[in-house]
Protein chains: 2
Amino acid sequence: MTESEGNGTRHNYDQESILAIAVDVFNRHGYEATSMGMLAEALGITKSAIYHHVPSKEYLLQLALDRALGRLEAILDDPLASTGPAIDKLRYVLRSATSVLTDDVSFITLLLRVRGNSEMERSALERRRAFNRTISELVDQAQADGAIRPDLDSRTTARLLFGMIGSVVDWYRPDGPVSAEKVADDVVAVAFGGVQVR
Amino acid sequence: MTESEGNGTRHNYDQESILAIAVDVFNRHGYEATSMGMLAEALGITKSAIYHHVPSKEYLLQLALDRALGRLEAILDDPLASTGPAIDKLRYVLRSATSVLTDDVSFITLLLRVRGNSEMERSALERRRAFNRTISELVDQAQADGAIRPDLDSRTTARLLFGMIGSVVDWYRPDGPVSAEKVADDVVAVAFGGVQVR
DNA sequence: GTCTATATGTTGATAGAC
DNA sequence: GTCTATCAACATATAGAC
């Protein structure tokens, strides 16, 4: 469906293609502020037509958050995330999270903007917190191993590192001037070595 | 006004106290998704009463964004931001921005969530971009001076550093376990030296 | 797979009493 | 400084025709 809009355009949407566009609109206006009318306009069909594909606005959010969380949680299932020195595991998880983010910018963006204003949002936040806890423990271990500077607060450090990665959604675009690989390289370089020459 | 809600509570709000509460509700639900009804409920008065103090919902956003941007821009007016080696100026700006953020979490949070969905939001975004450009130039200079690693992309680096700082709004609370000073220390430490022991 | 028509509630903002 | 009452526009969602 890349043909431009016109009166006689047939859309033939399915759940997947509706979801992709919905997530973009959610990201532009915020999930709560997005109306089915805005979605309908972005899709070029009527509100009622959307209800043929999905039962509710919240169901679209559910699908999107499940996908984003699934991708992140899959990182921790990789053997590289649970084998070897903590500092190496941390490097692997940092790089993988950055790649997942650049691979699925819009889904991860939506996840990072959830504030917990419904039961569904709160359960997504809980899964996000579980992920963050794993990272915190990795930082803790690496610090106990003497691989991370002892002057840093481990909880603050874990948050700063993942905050840095998360901020990438605010500017990274797949068709932009900086490749996904270069982003991941720079994230790991800054996180581990800092910007300053020694 | 710390007395708990009750039927006979007198509020005696003024623009300032309404703004503080409004910004919190904007941050919880997003500006667009926040209704005057929600604001009224949070304030414990009716919608109409709000209009006695402010002419519109958007005016509250204007006040909040102006304040947040003013605080950030003031950093660049300090002599320390324009004197000496670029790397020292950069360190000063990074630390100051972190302090401004911890001092005014809710106002800065609101600013960082603006997406450009109205003329007003777009002009706030433009001021934010002007600030970011100054930082980018600082990173560029420091790299030209040989003080910042040459393998890093300067634009990406500037974004990652300020992304890391901005992410602090997602967890920092003035009454939390980590002091504003410790946050600023750790931000500068990670940004300049990285987490890893050499 | 999409439409029109409709139901029921909420939106931002105003008028005017106290 | 706050209230009640009101407005036109818009919210989510459904029913049923094509």
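Keep in mind that what you see is a predicted model, and the values were worked out from it rather than measured. Below, read A as the first sequence line, B as the second, and so on, with proteins coming before strands; counting in each chain starts at 1.
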Student: 5'-most contact on DNA chain D: A:Pro55 or A:Ala33, nearest heavy atom basis?
Tutor: A:Ala33
Student: Please report, rounded to the nearest Å, how far the P atom of C:dT11 is from the CD atom of B:Glu41.
Tutor: 10 Å
Student: Taking only N and O in the side chain of B:His52, is any of them less than 4.0 Å away from OP1 or OP2 of D:dT2?
Tutor: no
Student: Output all residues satisfying side-chain contact (heavy atoms from CB on, under 4.5 Å) with A:Asp66, sequence neighbours left out; order by chain, then residue number.
Tutor: A:Gln62, A:Arg127
Student: Without decimals, in angstroms, what is the distance between A:Leu60 CG and D:dT12 P?
Tutor: 12 Å
Student: What is the distance, rounded to the nearest whole Å, between atom CE of A:Met36 and atom P of D:dA13?
Tutor: 6 Å
Student: Between the protein and nucleotides 4-8 of chain C, list every N/O to N/O distance that falls short of 3.5 Å.
Tutor:
from: C:dT4; atom 1: O4; to: A:Ser48; atom 2: OG; distance (Å): 2.6
from: C:dA5; atom 1: N6; to: A:Ser48; atom 2: OG; distance (Å): 3.4

Student: In terms of side-chain geometry, is the basic nitrogen of A:Arg67 or A:Glu16 positioned less than 4.0 Å from the acidic oxygen of its partner?
Tutor: yes
Student: CD1 of B:Ile50 versus P of D:dG1: gap in Å, rounded?
Tutor: 14 Å
Student: Could you list the residues that satisfy salt bridge (charged side-chain N to carboxylate O under 4.0 Å, His left out) with B:Asp78, not counting sequence neighbours?
Tutor: none
Student: Closer than 4.0 Å, any side-chain N/O of A:His53 to the OP1 or OP2 of C:dT2?
Tutor: yes
Student: Just the rounded figure in Å: distance from P of C:dT2 to CD1 of A:Ile45.
Tutor: 5 Å
Student: Go through C:dG1, D:dT2, D:dA13 for me and flag the one nearest to the B:Tyr13 side chain.
Tutor: D:dT2
Student: May I ask whether A:Tyr59 and A:Ile45 are part of the same hydrophobic cluster, defined by side-chain heavy atoms of I, L, V, M, F, W, Y residues being less than 4.5 angstrom apart, directly or through others?
Tutor: yes
Student: Cut-off 3.5 Å, side chains only: do B:Ser167 and B:Asp170 have a donor facing an acceptor?
Tutor: no
Student: Using 4.0 Å as the upper bound for N to carboxylate O, is an ion pair formed by A:Asp186 and A:Lys182?
Tutor: yes
Student: For A:Glu32 and C:dT11, what is the distance between atoms CD and C1' respectively, to the nearest whole Å?
Tutor: 15 Å
Student: If you draw the axis of the six-membered ring of B:Tyr51, does the NZ or CZ of B:Lys57 fall within 45° of it and under 6.0 Å from the ring centre?
Tutor: no
Student: What's the closest nucleotide to the B:Ser35 side chain, out of C:dT11, C:dA13, C:dT2?
Tutor: C:dT11
Student: Nearest-Å distance, CG (A:Leu39) to C1' (D:dT12)?
Tutor: 12 Å
Student: Mind calculating the distance between CG (A:Leu61) and P (D:dT12) to the nearest angstrom?
Tutor: 13 Å
